[in-house]
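Letters A, B, ... mirror the listed sequences (proteins, then strands); counts begin at 1.
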Number of protein chains: 2
Amino acid sequence: MTRISEIAKICNVSKTTVSRVLNNHPYVSKEKREQILKVMEELDYAPSSLARNFRTNKTQTIAISVPSFDHPFFAQLVKGVSLAALENDYKVLIFQTFYDAKNELDVMGKLKNREVDGVILGALENEWNVIKPYLKYGPILLCNEYHHSASIPIIGYDEFEATYKAVNHLIEKGHRKIGFCYDTSYSQAQGQRKEGFLKALADHDLLHNDDWIFGHGFSIEDGFRICDEIVKLKEKPTALFTGNDQVAAGIIKKATALGYKIPECLAIVGYDNQSICQVTTPTITTIDIPIMELGQRTVIELIKYLNEDLKLKRDIIKLPTELKIREST
Amino acid sequence: MTRISEIAKICNVSKTTVSRVLNNHPYVSKEKREQILKVMEELDYAPSSLARNFRTNKTQTIAISVPSFDHPFFAQLVKGVSLAALENDYKVLIFQTFYDAKNELDVMGKLKNREVDGVILGALENEWNVIKPYLKYGPILLCNEYHHSASIPIIGYDEFEATYKAVNHLIEKGHRKIGFCYDTSYSQAQGQRKEGFLKALADHDLLHNDDWIFGHGFSIEDGFRICDEIVKLKEKPTALFTGNDQVAAGIIKKATALGYKIPECLAIVGYDNQSICQVTTPTITTIDIPIMELGQRTVIELIKYLNEDLKLKRDIIKLPTELKIREST
DNA sequence: GTGAAAGCGCTAACAC
DNA sequence: GTGTTAGCGCTTTCAC
C-alpha cells in the first residue's frame, strides 16, 4: 500500500504538504500541488480512511435501525436514507431489530464505541430512558415513530390526522361499523392513529367496538388471519382501517375468496400507498406517505447536528400525507 | 472518553494487560482480569473501534451493492446479507447503483481506500476488466448475477434450468406461442434465462417470435406497459415468461381490466415468488428462489476469504429453485 | 508556503 | 503472567 510518506519522499516535500493537498488546503504552491497530484495518480495512491477516521475521530457513517428490511415501507425508507447520505458523503450501516429491544441496544453500542457518528431509529423498541444515556455519544434521531417526551428530533407525519382522514372517508361513505388494525401496541405512533380513529368516530357519534380492533397487523398473512377473525364475528364491521397496505391486500384477497364483496360488504383502507395497492382487485384506497422524503429529510437533519456540533433538541417535523381513493372503499 | 491507559493506571497494570482482557487473551491472572473488567464497567468504558480498526487494518465491514433497495428481491437479499453478517460480527454498508456503472465503481473505491473489507455485488454494471483490478484490495463476490469468466465466487442459482422449468410448464399446459420478458440486456444471468427459454422451445419444436420478447421489465408499471404492447400485436402470445413477479402482477392486473381472461387468454409465469403472488387475482405461478439464503450464503463465503486470507478463486455455487404452480397458468 | 514533531487509542513483538 | 516499546497513517499545532 502506498502511504503519504512515500509520496512526500518522491516529491521532496513533507508529509504535511501532501496532507494539505489531500484535504484541499490553501497555501500549497501550484507547482507542488500539481506534482503531488501527479505522483499520487501514478502510484495509484488512496488515502487510508482507517487512519483518517482514527485521526479525526469520525466514521463518516450513520446507522439506520429498522424492524425488518424486507417490509416495503422500511425498504423505501432505507432507500431515501441511503440516497441522502451518499449525497452528503456519509455511508449507511444497516441494522434490523426484528422488533427486539436488545438488537436496538446493540446499535446504540455502536454509537458508543464509535462505529457510527449518529443513529436513525426507524422504530422504537426500548423505553426512552434506556436510549437516552446514549445521546452523549452522538445524535440519535427518531423517524416514523413518535415519542411524547424524547428530547430529540422526530421526523414523521401526522398519524392522527392521516387516520382521521381515512376513517372520516369511510364514515362519509355511509359506514357506521368501522374496525381498526394496528401492529404493535407499544408504538406511540400507532397510539396516535388509534386516537385519530376514535376522534373520527366520536365526531360522528359513532361507538367503537372492541371486537373490531385487531393487533399484530404487519403482513399479507396477517391480513388473511384478520379476515378469518372477522368472518367469525357475529356482528361484523362493514369497514376497516387496516394501517398497512399488506394487511389490506391480504384481507381483500381472503374476503373475496370467501365470497364477500369488497367494498360492498367490507370497505378497506390501507396505509402507505405501496405499489401493491394497484394490483389487487379491487385496488386499495390508502394514505400516501412521502416515505423516501421521510428518510432523506431525517438524514439532512442528522447531518446538520453532526456538522455543526449542535446540541440535540426536541423538534417535531411533520411531512404531509394524502388520502388516495381507489376501489376498495 | 475513557481510554485503555486510564483503566491501566487505575488497576496498576500495563495497557497490554488491559488490551489482553479486551481481546480475551489467555495469560492474564483471574484476579487482574476481574478487577480490570470491574473498572471498565464502572467507568463505562468502550474501546474505540476507530483505533482498533486502524491498528488491525480491518473495518469489520462489508459492502453490498444492489441496483435499488426498494425492489422486493433486493430488499430480501440485503436482509439475508445483514442477518449473516451480524451473526459473524461484520457490519453491512449498503450502496445502490441505480443501474449506473459509476456508482458501482464508487463502491470499488471504498474497497481500495479501506472503508470496507470486502464487497458483495448484487448485480454487475461494469465490464469485468474494470472491476478486476480492485481484487488486489480485497475480496469481491458476485451474487445473483453471472459472469462467464470472472475469477471470483459466484453465488446464484441455475437461471437456465429455472427458466426451462417455467417455460416447459407452459408448453405442457398446451401453449405454443410463448413470450419472454427480461430486464437489462447486458446481464449474463438474463442471458442464461433467454437460453433456457429458447432451449425449452427448441426441445418441443416451437419457434420463438421476436415480437414476443419484451425488455426493461422491472416493475408493476412495466407490466402495465408490456400488457399494452401485447394487446397491440396482431399475433399475440398465449403465454408469457415475465422474469419478475412485479411485472407479472402488472400484466395480470392490466389484462384483466382490459377483459382478457388469465390464464385462459394469456397464461403468466412470474419469477422470485414474492408475497405479491398471493394477492393478485388470479394468484401467480412463479419460480421460488431462496433469496435470503442467497444473501446469507454469499456472506459466509466472503467471510471465509476474509478470515483465512485465501486467494479468491472462481467458484460457482448454485442454490435450488422450485416451480410454484398457482392460478395464473 | 512549508516542515518538524507530536499524537490519536490501540495491538503485538519481544523481553523478562 | 506481565510490562516495555514501537508503530499503524494520518492530521494538526507550532515555528520558521
- Partners of A:D183 by side-chain hydrogen bond (donor to acceptor under 3.5 Å, both in side chains), sequence neighbours excluded?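 Applying side-chain hydrogen bond (donor to acceptor under 3.5 Å, both in side chains) to A:D183 gives A:Q190.
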- Mind checking what makes side-chain hydrogen bond (donor to acceptor under 3.5 Å, both in side chains) contact with B:K311, not counting sequence neighbours?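 Here no residue qualifies.
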- Item | Working for salt bridge (Lys or Arg N to Asp or Glu O under 4.0 Å), residues B:K304 and B:E308 | CA-CA 6 Å; B:K304 219 163 65 186; B:E308 301 173 18; over 6 Å; no
- Item | Near-strand residues of residues 35-51 of chain A, defined as heavy-atom separation under 4.0 angstrom from DNA chain D |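 By residue number: A:Y45, A:P47, A:S48, A:A51.
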- Task: Output the residues of residues 107-118 of chain A in contact with DNA chain D, where contact means a heavy atom of the residue under 4.0 Å from an atom of the strand; sort by number or write none.
- Result: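 Listed by number, there are none.
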- Query: So what does A:N23 touch, heavy atoms closer than 4.0 Å: a base, only the sugar-phosphate, or nothing?
  - Reply: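 Result for A:N23 = sugar-phosphate.
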- Which part of the nucleic acid, if any, lies within reach of A:N57 when heavy atoms closer than 4.0 Å are counted: base, sugar-phosphate only, or nothing?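 No contact.
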Below 3.5 Å is the cut-off: list the nitrogen or oxygen pairs between protein and nucleotides 3-6 of chain C, distance only.
| residue | atom | partner | partner atom | Å |
| --- | --- | --- | --- | --- |
| C:dG3 | OP2 | A:S14 | N | 3.0 |
| C:dG3 | OP2 | A:S14 | OG | 3.4 |
| C:dG3 | OP2 | A:T17 | OG1 | 2.7 |
| C:dG3 | O6 | A:R20 | NH2 | 2.6 |
| C:dA4 | N6 | A:T16 | OG1 | 2.8 |

Counting only pairs under 3.5 Å, give me each side-chain donor-acceptor contact of residues 127-137 of chain A, with atom names and distances, residues two or more places apart or in other chains.
| residue | atom | partner | partner atom | Å |
| --- | --- | --- | --- | --- |
| A:K136 | NZ | A:P133 | O | 3.3 |
| A:Y137 | OH | B:D44 | OD2 | 2.6 |

- Task: Could you tell me whether B:E41 atom CD has more than 12 heavy atoms of other residues or ligands within 6.0 Å of it?
- Result: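 Not more than 12 within 6.0 Å, no.
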- From the 5' end of DNA chain D to its 3' end, which nucleotides mark the outer limits of contact with chain B, defined by a 4.0 Å heavy-atom distance cut-off (strictly under)?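 So the contact region on DNA chain D extends D:dG1 to D:dG9.
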- Interatomic distance, A:I4 CD1 vs C:dT2 P [rounded to whole Å]: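 Checked: the CD1 to P distance equals 15 Å.
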- Item | A:V28 side-chain proximity, nearest of C:dG9, C:dT2, C:dT11 |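 In terms of side-chain proximity for A:V28, the closest of C:dG9, C:dT2, C:dT11 is C:dT2.
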- Message: So, using salt bridge (charged side-chain N to carboxylate O under 4.0 Å, His left out) as the criterion, who are the partners of B:E159 when residues are at least two apart?
- Response: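 Only B:R193 meet the salt bridge (charged side-chain N to carboxylate O under 4.0 Å, His left out) criterion with B:E159.
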- Task: Go through the structure and list residues passing salt bridge (charged side-chain N to carboxylate O under 4.0 Å, His left out) with B:E145, not counting sequence neighbours.
- Result: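 With neighbours one apart ignored, the set is empty.
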- Item | For the student: nearest non-hydrogen atoms of A:T97 and A:S65, plus distance |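 Smallest interatomic distance, heavy atoms only, reads CG2-OG, 3.3 Å.
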- Measure the shortest side-chain to side-chain distance between A:S14 and A:T17 over non-hydrogen atoms and say whether it is less than 4.5 angstrom.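 Result yes, sub-4.5 Å side-chain heavy-atom pair found.
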- When you look at B:D117 and B:T59, which way does the side-chain hydrogen bond (donor to acceptor under 3.5 Å, both in side chains) test go after all the steps? CA-CA 6 Å; B:D117 294 339; B:T59 62; 2.8 Å; yes
- Query: Can you check whether A:F218 and A:Y99 have ring centres sitting under 6.0 Å from each other?
  - Reply: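 Yes; A:Y99 has its ring centre under 6.0 Å from that of A:F218.
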- Item | Audit row: B:N23, B:R52, side-chain hydrogen bond (donor to acceptor under 3.5 Å, both in side chains) steps and yes/no | CA-CA 11 Å; B:N23 292 285; B:R52 294 182 122 174; 3.3 Å; yes
- Item | salt bridge (charged side-chain N to carboxylate O under 4.0 Å, His left out) pairs, two or more places apart, involving residues 70-98 of chain A |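 Listed once each, the pairs are A:D70-B:K79, A:K79-B:D70, A:K91-B:E115.
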- Message: By the ring-ring contact (aromatic ring centres under 6.0 Å, His included) test, which pairs, at least two apart or in different chains, include something from residues 35-56 of chain B?
- Response: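 Every pair satisfying ring-ring contact (aromatic ring centres under 6.0 Å, His included) with a residue in residues 35-56 of chain B: A:F54-B:F54.
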- Task: Nearest-nucleotide wise, let me know which of A:T56 and B:E31 is further upstream toward the 5' end of DNA chain D.
- Result: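 Result: B:E31.
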- Hey, which of these two, B:F54 or B:P26, hits DNA chain D nearer its 5' end, going by closest nucleotide?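 Closer to the 5' end of DNA chain D: B:P26.
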- Full working for salt bridge (Lys or Arg N to Asp or Glu O under 4.0 Å) between B:E34 and B:K38: CA-CA 6 Å; B:E34 278 168 4; B:K38 185 160 150 282; over 6 Å; no
- Task: Find the bend of the helix from C:dG1-D:dC16 to C:dC16-D:dG1 as the angle between its two terminal axes (five pairs each), to the nearest 10°.
- Result: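 Both end axes considered, the difference amounts to 30°.
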- Taking the side chain from A:R314 and the backbone from A:A150, do they hold a donor-acceptor pair closer than 3.5 Å?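 Indeed, once roles are kept as given, a pair shorter than 3.5 Å links the two residues.
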